[in-house]
Protein chains: 2
Amino acid sequence: MGKKITIYDLAEQLHVSPATVSRSLNNHPSISTETKTKVVRAAQEAGYKVNKFAANLSKQKSNTIGVIVPKLNSAFMSTILAGVEKIANEAGYNLIISQSLESMEKEKMNAHALFQSGVDALIVSLAYDTSTYDHFSNFTKVGIPVLFVDRVYPMENCSTIVIDNQQAGHDATEHLIQQGCKNLLHVSGHLNRSIYAERLQGFKNAMAKHHMEFTDANLLESDLDPNSVGELINHLQQINGAIDGIFVSNDRFAASCIKELQKLHYKIPEDIKVIGFNNDSICELMTPTLSTIDYPGYQMGVLAAQGVIGHLNGNIDLLPANSISLRHRLVVRESSSND
Amino acid sequence: MGKKITIYDLAEQLHVSPATVSRSLNNHPSISTETKTKVVRAAQEAGYKVNKFAANLSKQKSNTIGVIVPKLNSAFMSTILAGVEKIANEAGYNLIISQSLESMEKEKMNAHALFQSGVDALIVSLAYDTSTYDHFSNFTKVGIPVLFVDRVYPMENCSTIVIDNQQAGHDATEHLIQQGCKNLLHVSGHLNRSIYAERLQGFKNAMAKHHMEFTDANLLESDLDPNSVGELINHLQQINGAIDGIFVSNDRFAASCIKELQKLHYKIPEDIKVIGFNNDSICELMTPTLSTIDYPGYQMGVLAAQGVIGHLNGNIDLLPANSISLRHRLVVRESSSND
DNA sequence: TTGTAGGCGTTATCAC
DNA sequence: GTGATAACGCCTACAA
């Protein structure tokens with residue numbers, strides 16, 4: 001059947017006022033345990049469900065967290081989401097998830113929609129081409145917390161959850177150098193996303209540290225789309241001096257690159273050593289297995305959710321923190337090893 | 001700032017009634033174009049946003065679709081989600097997404113929470129161990145459409161979106177046979193999920209068609225978790241008669257199996273041919289590249305969303321359809337080829 | 001400890 | 001074409 005039952009129905013049935021029912025159901029302190037249990041049981045039996053709209057309208061909060069990610073169907077993003085969902089769910093929060101498909105326009109629309117939906121907080125990982133950030137100030141202006149994860153932007157009053165991308169980039173690069181690579185290439189994502197810019201900086205730092213000169217030949221900026229591997233091949237052919245070590249800013253693309261290089265009869269790691277980024281599960285499934293930087297995506301999601309929920313509930317409040325940085329880890333596998 | 005502005009504010013400002021404002025904003029037919037534009041412009045300038053809670057409360061619908069998937073961080077599921085999100089977003093629907101983590105208990109809790117949240121429709125892909133389905137009848141009882149995708153269960157009044165798993169299983173198997181395999185093994189997921197049972201049936205059918213006798217040795221039921229590859233190796237050692245062709249019900253696990261077999265110095269495809277299922281992107285990144293069944297996950301997501309939204313809007317209504325079956329496709333790559 | 005009553009912001013049903 | 005007014009279901013001062 002489908003009769004909606006309300007607190008009024010319960011009140012009538014139990015000969016108490018709606019207010020008492022409401023308070024009992026919300027475990028209000030000033031209600032006798034007796035009536036409380038009575039009400040709760042009656043509600044149970046009657047199959048009562050709160051009407052969230054009414055409750056939200058009254059309380060002016062939705063118990064809902066909005067999430068915007070660039071792509072849903074990405075191993076890394078879905079890992080973050082899994083972490084966010086886990087925590088949000090445990091805390092009784094709903095998640096409204098949308099994807100920007102790497103487009104700032106779509107991201108704006110998503111932000112707008114989520115704002116209208118009355119989310120209590122927003123967790124964002126930015127699209128590739130996002131370059132203005134006004135669409136988030138609506139939220140901050142009315143006190144709705146906005147938290148950036150991974151693809152972040154340093155907005156006033158917004159926390160970010162990241163790893164130390166510069167250090168990670170440095171570590172990856174230094175590893176290649178220690179394996180004997182003399183002529184490095186860094187395949188980066190769009191440099192207006194800070195994570196990529198920082199990894200590049202780490203790459204440069206490591207080169208400098210080991211007295212290697214950085215030139216344009218050492219960098220290829222890419223959209224990291226599998227269809228763009230051709231650019232890598234072109235780049236390799238255009239520059240002189242054979243590249244013997246490549247640091248790719250993303251495992252999936254690294255995998256595509258390796259595959260393509262193998263087709264051209266390069267031997268990995270003998271001719272060229274490769275290291276990726278993320279520790280995607282494909283790393284272990286490829287041949288050779290792919291060295292990488294382990295990236296705690298799930299943890300980042302968990303922390304993001306805990307951050308906003310703690311803030312909303314007035315518990316441990318991470319949000320005043322400007323930035324929370326998690327630990328990364330170099331994972332050495334076959335693609336960068338000497339034997 | 002942060003002043004919430006309501007239709008009353010606009011009404012006052014424009015010297016009309018709140019009702020007129022509401023109607024104008026909703027483009028109600030019986031409002032003069034003149035006042036309509038006047039109101040709309042004023043709303044724009046004032047930065048007015050509808051309060052969804054109030055609107056939902058009044059309209060008794062939420063414009064929100066609930067989604068339950070087994071895991072967020074799975075390539076296939078996130079592909080389905082991407083399709084769902086695309087359509088839902090275009091149609092102005094929000095998505096509340098939750099994951100069951102392959103547990104019926106969690107699935108029940110998710111279903112409950114989504115019910116409470118007042119979703120207008122539910123899209124579900126079942127957990128591994130779900131064996132009762134009462135938690136969905138709450139929805140159907142009150143007329144909320146429930147649609148199953150991929151991991152389906154034939155509930156009364158619920159549509160399902162699937163592929164013809166039996167035919168697909170048959171096609172994969174027959175392909176191995178045509179490549180000369182004489183001694184087949186099917187690595188299946190839990191057989192209480194119909195998709196796996198059907199693929200197994202297809203496997204059996206193909207064997208029968210080619211006059212091969214099916215015995216227990218031809219089947220390994222697995223949880224398809226990478227950590228379970230050991231079971232495959234054990235199975236291979238226990239049975240007599242060398243397996244020369246394996247049909248694995250999932251690409252990720254197929255990849256893990258291949259990796260493990262290679263460690264044991266089996267040559268793929270020379271010694272053992274392997275075909276997976278899903279056409280995960282790893283198929284092309286592995287060595288050898290993995291033959292598989294292409295599975296239109298994105299399309300399934302799109303159709304699922306269109307199904308429920310069409311139904312809710314009273315447009316094209318797919319939901320009376322008991323089951324919608326999409327086309328699959330055999331993709332032959334190196335892992336099952338003779339040269 | 002419990003009840004009364006007003007408000008949350010919209011939509012919808014009547015009138016006019 | 002527009003305006004009152006009553007829902008929608010819940011929460012919460014304020015009273016009792």
Side-chain angles (χ1 to χ4, degrees), chain A residues 2-40 42-43 46-64 92 94 115-120 142-143, chain B residues 2-40 42-43 46-64 92 94 115-120 142-143:
Chain A
K3 213 64 276 123
K4 299 270 188 189
I5 135 152
T6 75
I7 54 174
Y8 289 96
D9 301 329
L10 293 176
E12 190 176 358
Q13 173 191 334
L14 296 170
H15 307 297
V16 295
S17 76
T20 305
V21 175
S22 172
R23 285 196 270 254
S24 300
L25 260 18
N26 291 307
N27 203 21
H28 189 96
S30 74
I31 290 280
S32 72
T33 331
E34 190 184 6
T35 50
K36 208 177 284 185
T37 53
K38 189 176 64 178
V39 170
V40 170
Y48 167 81
K49 320 274 179 197
V50 283
N51 180 318
K52 293 248 179 152
F53 308 138
N56 291 341
L57 176 58
S58 183
K59 285 188 302 196
Q60 302 284 50
K61 76 184 286 275
S62 67
N63 240 46
T64 296
N94 272 136
F115 187 70
Q116 300 249 87
S117 295
V119 295
D120 294 336
V142 298
Chain B
K3 222 47 292 119
K4 299 271 185 185
I5 134 151
T6 74
I7 54 173
Y8 287 97
D9 301 330
L10 292 176
E12 190 176 359
Q13 174 191 334
L14 296 170
H15 307 296
V16 296
S17 77
T20 305
V21 175
S22 172
R23 286 197 270 253
S24 300
L25 260 19
N26 291 306
N27 202 21
H28 189 97
S30 74
I31 291 280
S32 72
T33 331
E34 188 184 7
T35 50
K36 208 177 285 188
T37 53
K38 188 176 64 177
V39 170
V40 170
Y48 167 82
K49 318 273 179 199
V50 282
N51 180 319
K52 291 248 180 154
F53 308 138
N56 291 341
L57 175 59
S58 186
K59 284 189 301 194
Q60 303 282 50
K61 76 184 287 275
S62 68
N63 240 46
T64 296
N94 272 134
F115 186 70
Q116 300 249 86
S117 295
V119 295
D120 294 337
V142 298

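We use all heavy atoms of the structure for the numbers below, so side chains are in, but hydrogens, waters and symmetry mates are not. Numbers restart at 1 for each chain; the letters A, B, ... are given by sequence-line order, proteins then strands.
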statement: Those residues at least two apart in sequence (or on a different chain) that pass side-chain hydrogen bond (donor to acceptor under 3.5 Å, both in side chains) with A/K61 are A/N63
statement: chain A vs DNA chain C, heavy-atom contacts under 4.0 Å, first-to-last nucleotide span, 5' to 3', is C/dT1 to C/dG9
message: Looking at every non-hydrogen atom in both residues, tell me the closest pair between A/I7 and A/P18 and how far apart they are.
response: CD1-O, 3.9 Å
task: Enumerate the residue pairs fulfilling salt bridge (Lys or Arg N to Asp or Glu O under 4.0 Å) with a member in residues 10-39 of chain B, sequence neighbours excluded, ordered by first and then second residue.
output: none
field: side-chain hydrogen bond (donor to acceptor under 3.5 Å, both in side chains) against A/N56, all qualifying residues, sequence neighbours excluded
entry: none
task: Could you identify which residues of residues 46-64 of chain B place a heavy atom less than 4.0 Å from some atom of DNA chain D, listed by residue number, or say none?
output: B/L57, B/S58, B/Q60
- prompt: Does B/K52 have any side-chain hydrogen bond (donor to acceptor under 3.5 Å, both in side chains) partners at least two apart in sequence or in another chain, and if so, which?
  reply: none
- line: In short, B/S24 meets B/T35 closest at the heavy-atom pair OG-O, 4.3 Å
field: Partners passing side-chain hydrogen bond (donor to acceptor under 3.5 Å, both in side chains) against B/D120 (at least two apart in sequence or in another chain)
entry: B/S62
- prompt: Closest approach of A/I5 and A/G47, non-hydrogen atoms and distance?
  reply: CG2-O, 4.3 Å
message: Which residues pass the ring-ring contact (aromatic ring centres under 6.0 Å, His included) test with A/Y48, not counting sequence neighbours?
response: none
message: What's B/S22 touching, base or sugar-phosphate or nothing? Going by heavy atoms closer than 4.0 Å.
response: base
Closest heavy-atom pair and its distance - B/A11, B/S17: CB-C, 3.7 Å
- request: State, with a plain yes or no, whether a side-chain heavy atom of A/V50 is found less than 4.5 Å away from one of A/L25.
  value: no
message: Check whether A/T6 reaches the backbone of A/Y8 with its side chain - one donor and one acceptor, N or O, closer than 3.5 Å.
response: yes
query: Which residues in residues 25-39 of chain A have at least one heavy atom lying under 4.0 Å from any atom of DNA chain C?
result: A/S30, A/I31, A/S32, A/T35
- line: Rounded to the nearest 0.5 angstrom, the OG1-CG distance for A/T20 and A/L14 is 10.0 Å
query: Which angle, to the nearest 10 degrees, lies between the helix axes at the two ends of the helix from C/dT1-D/dA16 to C/dC16-D/dG1, each defined by five pairs?
result: 40°
query: Partners of A/N51 by side chain to side chain contact (heavy atoms under 4.5 Å, CB included), sequence neighbours excluded?
result: A/F53, A/A54, B/L57, B/Q60
- request: Walking along DNA chain D from 5' to 3', note the first and the last nucleotide with an atom under 4.0 Å from a heavy atom of chain B, and give both.
  value: D/dG1 to D/dG9
